Amino acid sequence: MKKNDTLTAREEEILGYLWDWNEPLTQNEMAERLADQGWNNVTLYKTVQSLSTKGFLEVVGLEKSTKTYARKLVPSLSKEEYYTSILMKNGLSTDSLANLTAAFIGVSKKSESEKKEAVIAKLEEIIASIRDGQDD
């Protein structure tokens, strides 16, 4: 991903679908799935081409489609990586983690001590779930 590239609403929407589907797709497969969402083929293909040019999509395979081959595409970064990059472009850093967590869990308006306790509890919950997941 190029650091200065920003996405249009349409590009961000396509990435959102791909993150949700979580599987490599060809442009034709995307077109089939998005037809009922109001996407026409020309707009979809131009948007996918733009995302590819900007480095937000990568090719992970090929699929035979009649006499040609179609590229299987996936996002080149996760949803969390993308939105983190936006936050960082807007001046937020790891120093903001506690305040971001407070905002996410809805306690940013609480007193400082209540906010700290809630953030610590949430982070401990996250750490515990990560530790539990290590046993897999």
Side-chain angles (χ1 to χ4, degrees):
M1 176 179 87
K2 298 174 187 170
K3 295 292 183 196
N4 295 329
D5 284 328
T6 56
L7 297 180
T8 65
R10 285 276 197 200
E11 291 169 337
E12 201 168 330
E13 189 175 348
I14 290 292
L15 275 181
Y17 288 125
L18 291 171
W19 286 320
D20 290 343
W21 292 327
N22 196 29
E23 63 182 291
L25 296 172
T26 65
Q27 288 186 40
N28 285 338
E29 290 169 330
M30 287 182 226
E32 288 171 13
R33 292 183 183 198
L34 292 171
D36 62 342
Q37 303 284 331
W39 282 86
N40 69 51
N41 288 350
V42 173
T43 303
L44 175 69
Y45 294 155
K46 285 182 179 181
T47 305
V48 168
Q49 182 59 43
S50 177
L51 284 167
S52 295
T53 300
K54 290 180 176 181
F56 287 95
L57 293 178
E58 63 184 64
V59 177
V60 293
L62 297 172
E63 181 178 282
K64 186 137 173 95
S65 174
T66 60
K67 294 182 180 185
T68 62
Y69 286 89
R71 301 174 303 156
K72 295 289 255 182
L73 301 167
V74 296
S76 60
L77 71 170
S78 69
K79 183 188 298 189
E80 293 78 9
E81 290 168 325
Y82 172 67
Y83 287 108
T84 297
S85 73
I86 290 174
L87 291 173
M88 291 172 71
K89 284 179 195 175
N90 286 295
L92 294 173
S93 67
T94 55
D95 294 340
S96 307
L97 188 56
N99 288 330
L100 285 169
T101 304
F104 269 119
I105 62 176
V107 297
S108 58
K109 302 286 186 201
K110 302 267 184 185
S111 73
E112 200 59 33
S113 63
E114 289 176 313
K115 181 167 64 171
K116 285 179 183 178
E117 286 301 316
V119 167
I120 290 168
K122 184 62 176 177
L123 292 175
E124 286 174 341
E125 179 184 316
I126 292 168
I127 290 167
S129 75
I130 292 170
R131 283 196 176 126
D132 291 343
Q134 289 179 346
D135 298 335
D136 295 339

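In this text, all values refer to a predicted model and were calculated from it rather than measured experimentally.
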Engineer: With side chains defined as the heavy atoms from C-beta onward, is the minimum distance between Val59 and Leu73 less than 4.5 Å?
Structural biologist: yes

Engineer: Would you mind reporting whether Arg10 and Ser50 have side-chain heavy atoms less than 4.5 Å apart?
Structural biologist: no

Engineer: Can a salt bridge be assigned to the pair Lys110 and Glu117 using a cut-off of 4.0 Å between side-chain N and carboxylate O?
Structural biologist: no

Engineer: Would you mind reporting whether Asn28 and Tyr45 have side-chain heavy atoms less than 4.5 Å apart?
Structural biologist: yes

Engineer: Is atom OH of Tyr83 surrounded by more than 12 heavy atoms (other residues, nucleotides or ligands) closer than 6.0 Å?
Structural biologist: yes

Engineer: So how far is it from Asn41 CG to Met30 CE, rounded to the nearest 0.5 Å?
Structural biologist: 12.0 Å

Engineer: Would you compute the distance between atom CD1 of Ile126 and atom CD of Glu124 and round it to the nearest 0.5 angstrom?
Structural biologist: 10.5 Å

Engineer: Counting only heavy atoms not in Lys64 (residues, nucleotides, ligands), do more than 12 fall under 6.0 Å from its NZ?
Structural biologist: yes

Engineer: Tell me whether Trp21 is reachable from Leu51 by hopping between hydrophobic residues (I, L, V, M, F, W, Y) whose side-chain heavy atoms are closer than 4.5 Å.
Structural biologist: yes

Engineer: Please say yes or no: joined through hydrophobic side-chain contacts below 4.5 Å, possibly via intermediate residues, are Trp19 and Ile14 part of one cluster?
Structural biologist: yes

Engineer: Mind listing the closest non-hydrogen atom pair of Thr26 and Ala70 along with its distance?
Structural biologist: CG2-CB, 3.7 Å

Engineer: In Å, rounded to the nearest 0.5 Å, how long is the span from CG of Leu15 to OG1 of Thr47?
Structural biologist: 10.5 Å

Engineer: What's the spacing between Leu18 CG and Leu57 CG if we round to 0.5 Å?
Structural biologist: 6.0 Å

Engineer: So do Tyr82 and Leu7 actually touch side chain to side chain, heavy atoms under 4.5 Å?
Structural biologist: yes

Engineer: Supply the atom-to-atom distance Glu63 CD to Leu25 CG, rounded to the nearest 0.5 angstrom.
Structural biologist: 9.5 Å

Engineer: Check step by step if side chain to side chain contact (heavy atoms under 4.5 Å, CB included) holds for Asp20 and Lys79.
Structural biologist: CA-CA 9 Å; Asp20 290 343; Lys79 183 188 298 189; 3.9 Å; yes

Engineer: Taking the side chain as every heavy atom from C-beta outward, state whether Leu92 and Asn99 have any atom pair closer than 4.5 Å.
Structural biologist: no

Engineer: How many angstroms lie between CG in Leu77 and OG in Ser85, if you round to the nearest 0.5 Å?
Structural biologist: 6.5 Å

Engineer: Counting only heavy atoms not in Lys72, do more than 12 fall under 6.0 Å of its NZ?
Structural biologist: yes

Engineer: Answer yes if Ile86 and Phe56 sit in the same cluster of Ile, Leu, Val, Met, Phe, Trp and Tyr residues linked by side chain heavy atoms under 4.5 Å apart, and no otherwise.
Structural biologist: yes

Engineer: Looking at every non-hydrogen atom in both residues, tell me the closest pair between Gly55 and Ser76 and how far apart they are.
Structural biologist: O-OG, 2.6 Å

Engineer: Fit a plane to each ring of Tyr17 and Trp39, take the angle between them on a 0 to 90° scale, and name the class: parallel (under 30°), tilted (30 to 60°) or perpendicular (over 60°).
Structural biologist: perpendicular

Engineer: Indicate if Val119 and Ile130 have the same hydrophobic cluster label, given that clusters are the connected sets of ILVMFWY residues with side-chain heavy-atom separations under 4.5 angstrom.
Structural biologist: yes

